[in-house]
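Chain identifiers are assigned alphabetically (A, B, ...) following the order of the sequence lines, protein sequences preceding nucleic acid strands; residue numbering begins at 1 within each chain.
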Amino acid sequence: MTHISHGTESTMQVRVRFAPSPTGYLHIGGARTALYNWLWARKNNGVFVLRIEDTDLERSTEEAVQQILDGLTWLGLEWDEGPYFQTANAAKHLETANRLLETGHAYRCFCTKEELDVQREAAEAARIAYTYDGRCRRLPAEEIHRKMEAGVPYVIRFATPRDPTAAVAFDDLVYGRVEKRCLDIEDFVIVRSDGRPLYILCNAVDDEQDRITHVIRGADGIANTPKQILIYQALGIKPPVFAHMPLTLDSKRTKLSKRRHGEVVTLAYYRERGFLPWALCNFMALLGWSSPDGREFFTREELIEAFDLSRINRANSVFNYVPGDEKNWTDPKALHFNATYIRTMPMDELLPYVKAELMDAGLWRDSFEGERREWFSRTVDLIRARYHTLKEFSTRGRCYFSDDFTFDDEAVKKNLLKHPSLRELLPELADRLAKLAVFDHESTEDAFRSFAEEKGIKAGIVINGTRTAVSGTSVGPGLFEMLEVLGQDRVVERLRKAPALIPAN
RNA sequence: GUCCCCAUCGUCUAGUCAGGCCUAGGACACCGGCCUUUCACGCCGGCGACAGGGGUUCAAAUCCCCUUGGGGACGCCA
């Protein structure tokens with residue numbers, strides 16, 4: 001096991017949490033954090049807590065909360081407790097702040113935001129590091145009293161130990177031992193001047209209350225950890241175990257964010273564009289973690305079994321999408337995972353996703369689940385090998401589900417216009433196919449071969465011409481399997497209409 | 001600017017902690033070939049990396065130091 005020097009902890013139930021702030025949509029980075037937490041909980045038969053950290057009233061929105069819930073649900077990362085809302089615990093946060101005040105671990109600071117801004121700017125101009133100088137810490141008791149009486153607003157700051165040798169350390173499950181001198185930690189604010197507590201306090205208090213054993217979060221939280229440990233120490237609470245995961249960066253190597261990167265990093269976008277949720281999870285799991293045996297594809301159960309915090313890489317990874325690339329509109333490896341799942345997953349698991357896609361596109365017919373059930377399954381099976389997303393079932397696959405499909409200009413040029421004789425040949429072929437008593441890939445192939453031979457033309461010409469006439473493209477499954485699936489009536493009809501695509505000279 | 005972290009193919013990574021099995025392995029992407037009525041799939045092959053410099057050692061991708069590069073944190077945001 002990976003527990004470090006917390007004696008009784010290995011016998012305790014593992015409890016982890018995903019604690020997003022509802023200030024924007026759930027993005028790939030956040031989803032990966034949720035995934036790792038979920039995996040660790042499931043692996044240890046633990047509890048996965050969802051906590052919405054909404055203490056930033058100005059930026060938190062109801063809509064963002066819903067997006068988070070929807071996103072996790074879509075991914076299949078079900079939580080066991082929550083969602084808890086951080087603001088609901090405000091009383092306890094304040095009570096804790098007061099306790100810290102009473103025990104001398106915190107103090108009231110009357111400096112105004114404006115004063116501090118001036119100091120910060122001055123420090124910046126002088127190119128020196130700014131840290132709050134702790135002047136209010138030395139305020140005489142009667143002055144504090146006077147200011148409070150007068151109603152001067154104040155914040156509450158944590159009184160970081162000022163002993164030059166003092167340090168805070170913790171054993172990170174990913175990064176190893178992390179140590180920070182107290183001198184490098186300023187007296188951070190834990191309660192705003194309007195009385196509302198800040199994240200750094202709330203987070204620690206809530207983790208304690210929710211009995212969190214492992215804090216698994218992005219490496220950008222690493223700098224906060226010493227501060228939170230200081231709070232735990234002041235409160236006499238044993239801190240949880242920390243595991244910071246490397247950040248996910250964009251191709252320009254800057255931290256992924258909704259604000260900078262737009263929809264391509266949002267979860268909702270992947271759902272819209274036709275990703276299978278588990279394919280995305282599988283891909284995200286590999287952004288910073290690897291299996292000892294080099295395996296890349298996992299079922300949920302397999303990943304839970306294989307996953308281990310100790311195998312998380314320390315280096316940041318790049319989410320390699322290139323804006324403007326239509327084919328690789330997101331990380332090519334993510335697309336590869338999605339395509340592989342679409343191609344290989346059990347049909348009964350894939351079909352509901354295809355159904356949803358066809359419904360969205362208005363191509364769904366109830367008969368696909370009734371008398372045409374077999375046909376539907378066979379069709380999906382036939383075409384899925386070359387699709388990368390579910391979306392393609394309704395776009396590239398449209399000709400299988402509707403007579404209203406489009407013809408690709410290049411395909412028409414290459415397979416029809418190049419052979420003007422097809423204008424006469426295709427309807428003639430249609431007549432012949434219409435007479436077939438059995439219409440399957442064997443009988444149609446026989447018909448095509450003998451037809452081509454009779455006419456003294458290469459079979460490929462009539463084969464490819466037919467492909468374009470019945471599907472609008474030059475690519476797809478083997479033609480005869482395709483014809484079988486399309487069915488006699490539709491094939492005959494489409495071939496009879498073919499001359500309209502080939503203008504007579 | 002200060003503090004912290006990181007560094008293997010274009011990208012995700014194995015190998016680093018316990019130095020030799022590494023003329024560095026896999027995956028994606030890309031390129032070529034085979035298969036084939038097309039496109040995919042599949043199979044075969046190719047391209048392609050230990051950031052640089054010093055040490056330590058019989059031996060360094062692996063340990064140490066420096067440099068460089070990248071990232072993060074420095075809010076009355078979370």
Reckon [X] has a side-chain N or O less than 4.0 Å from the OP1 or OP2 of [N]?
X: Arg311(A); N: rC17(B); value: no
X: Arg157(A); N: rG75(B); value: no
X: Arg192(A); N: rA78(B); value: yes
X: Asn313(A); N: rU16(B); value: no
X: Arg314(A); N: rA7(B); value: no

Practice item. Determine whether any donor atom in the side chain of Asn224(A) lies under 3.5 Å from an acceptor atom in the base of rA73(B), or the reverse, and answer yes or no. Key: no
Does the distance from a Lys or Arg side-chain N to an Asp or Glu carboxylate O, for [X] and [Y], drop under 4.0 Å?
X: Asp117(A); Y: Arg120(A); result: yes
X: Glu453(A); Y: Arg449(A); result: no
X: Lys92(A); Y: Glu95(A); result: no

According to the Watson-Crick and G-U wobble definitions, with both distances under 3.5 Å, which nucleotide is paired to [N]?
N: rC21(B); value: none
N: rA73(B); value: rU2(B)
N: rC30(B); value: rG46(B)
N: rU68(B); value: rA7(B)
N: rU16(B); value: none
N: rA61(B); value: none

Expressed as a whole number of Å, how far does the [atom1] atom of [N] sit from that of [M]?
N: rA49(B); M: rC28(B); atom1: C1'; answer: 16 Å
N: rC65(B); M: rU56(B); atom1: C1'; answer: 11 Å
N: rC22(B); M: rA60(B); atom1: P; answer: 16 Å
N: rA27(B); M: rC47(B); atom1: C1'; answer: 16 Å
N: rU36(B); M: rG42(B); atom1: C1'; answer: 12 Å
N: rU2(B); M: rC66(B); atom1: P; answer: 16 Å
N: rU23(B); M: rC34(B); atom1: P; answer: 34 Å
N: rG25(B); M: rU8(B); atom1: C1'; answer: 11 Å

Less than 4.5 Å apart, any side-chain heavy atom of [X] and any of [Y]?
X: His261(A); Y: His27(A); value: no
X: Val215(A); Y: Arg17(A); value: yes
X: Ser60(A); Y: Phe85(A); value: no
X: Leu483(A); Y: His441(A); value: no
X: Phe451(A); Y: Leu425(A); value: yes

Please give, in whole Å, the distance from [N] [atom2] to [X] [atom1]?
X: Lys180(A); N: rC5(B); atom1: NZ; atom2: C1'; answer: 11 Å
X: Arg253(A); N: rC5(B); atom1: CZ; atom2: C1'; answer: 15 Å
X: Ile222(A); N: rC5(B); atom1: CD1; atom2: P; answer: 8 Å
X: Asp187(A); N: rG75(B); atom1: CG; atom2: C1'; answer: 15 Å
X: Lys227(A); N: rG75(B); atom1: NZ; atom2: P; answer: 7 Å
X: Phe319(A); N: rU13(B); atom1: CZ; atom2: C1'; answer: 17 Å
X: Phe298(A); N: rA27(B); atom1: CZ; atom2: C1'; answer: 12 Å
X: Asp220(A); N: rC4(B); atom1: CG; atom2: C1'; answer: 13 Å

Exercise for review: Check whether NZ of the Lys or CZ of the Arg Arg32(A) lies under 6.0 Å from the centre of the six-membered ring of Tyr36(A) and within 45 degrees of that ring's axis.
Suggested key: yes
Once you apply a heavy-atom cut-off of 4.0 Å, does [X] come out as touching a base, just sugar-phosphate, or nothing?
X: Arg295(A); answer: nothing
X: Lys458(A); answer: nothing
X: Ser317(A); answer: sugar-phosphate
X: Val318(A); answer: sugar-phosphate

Check your understanding: Under the side chain to side chain contact (heavy atoms under 4.5 Å, CB included) criterion, do Phe158(A) and Lys227(A) qualify, and how do the steps go?
Key -> CA-CA 9 Å; Phe158(A) 188 87; Lys227(A) 294 181 185 172; over 6 Å; no
Check your understanding: Taking Phe298(A) as the fixed residue, which of Trp289(A), Phe307(A), Phe337(A) is the one that meets the ring-ring contact (aromatic ring centres under 6.0 Å, His included) rule?
Key -> Trp289(A)
Exercise for review: State which of rA7(B), rC76(B), rC3(B) makes the closest approach to the side chain of Arg120(A).
Suggested key: rC76(B)
Check your understanding: When you check the side-chain N and O atoms of Tyr84(A) and Asn89(A), is any donor under 3.5 Å from an acceptor?
Key -> no
Review point. Is it the case that more than 12 heavy atoms not belonging to Glu349(A) sit under 6.0 Å from its CD atom?
Key: yes
Check your understanding: So, Ser21(A) side chain and Asp54(A) main chain: donor-acceptor pair closer than 3.5 Å or not?
Key -> no
**Study point:** All side chain to side chain donor-acceptor pair (under 3.5 Å) counterparts of Tyr353(A), not counting sequence neighbours
**Key:** none
Residues from [range] lying under 4.0 Å of RNA chain B - heavy atoms:
range: residues 107-119 of chain A; result: Cys111(A), Thr112(A), Lys113(A)
range: residues 52-69 of chain A; result: Glu53(A), Thr55(A), Asp56(A), Arg59(A)
range: residues 283-293 of chain A; result: Leu286(A), Leu287(A), Gly288(A), Ser290(A)

Review point. Under the salt bridge (Lys or Arg N to Asp or Glu O under 4.0 Å) test, which residues partner Glu58(A), sequence neighbours left out?
Key: Arg196(A)
**Study point:** Check against side-chain hydrogen bond (donor to acceptor under 3.5 Å, both in side chains), Tyr270(A) and Asn338(A)
**Key:** CA-CA 11 Å; Tyr270(A) 288 80; Asn338(A) 205 45; over 6 Å; no
Check your understanding: Nearest nucleotide by nearest heavy atom, which residue falls closer to the 5' end of RNA chain B, Pro22(A) or Leu247(A)?
Key -> Leu247(A)
Practice item. Could you encode protein contacts along nucleotides 29-46 of chain B as a string, one character per nucleotide from 5' to 3', using B for base contact, S for sugar-phosphate-only contact and - for no contact, with a heavy-atom cut-off of under 4.0 Å? Key: SS------BBBBSS----
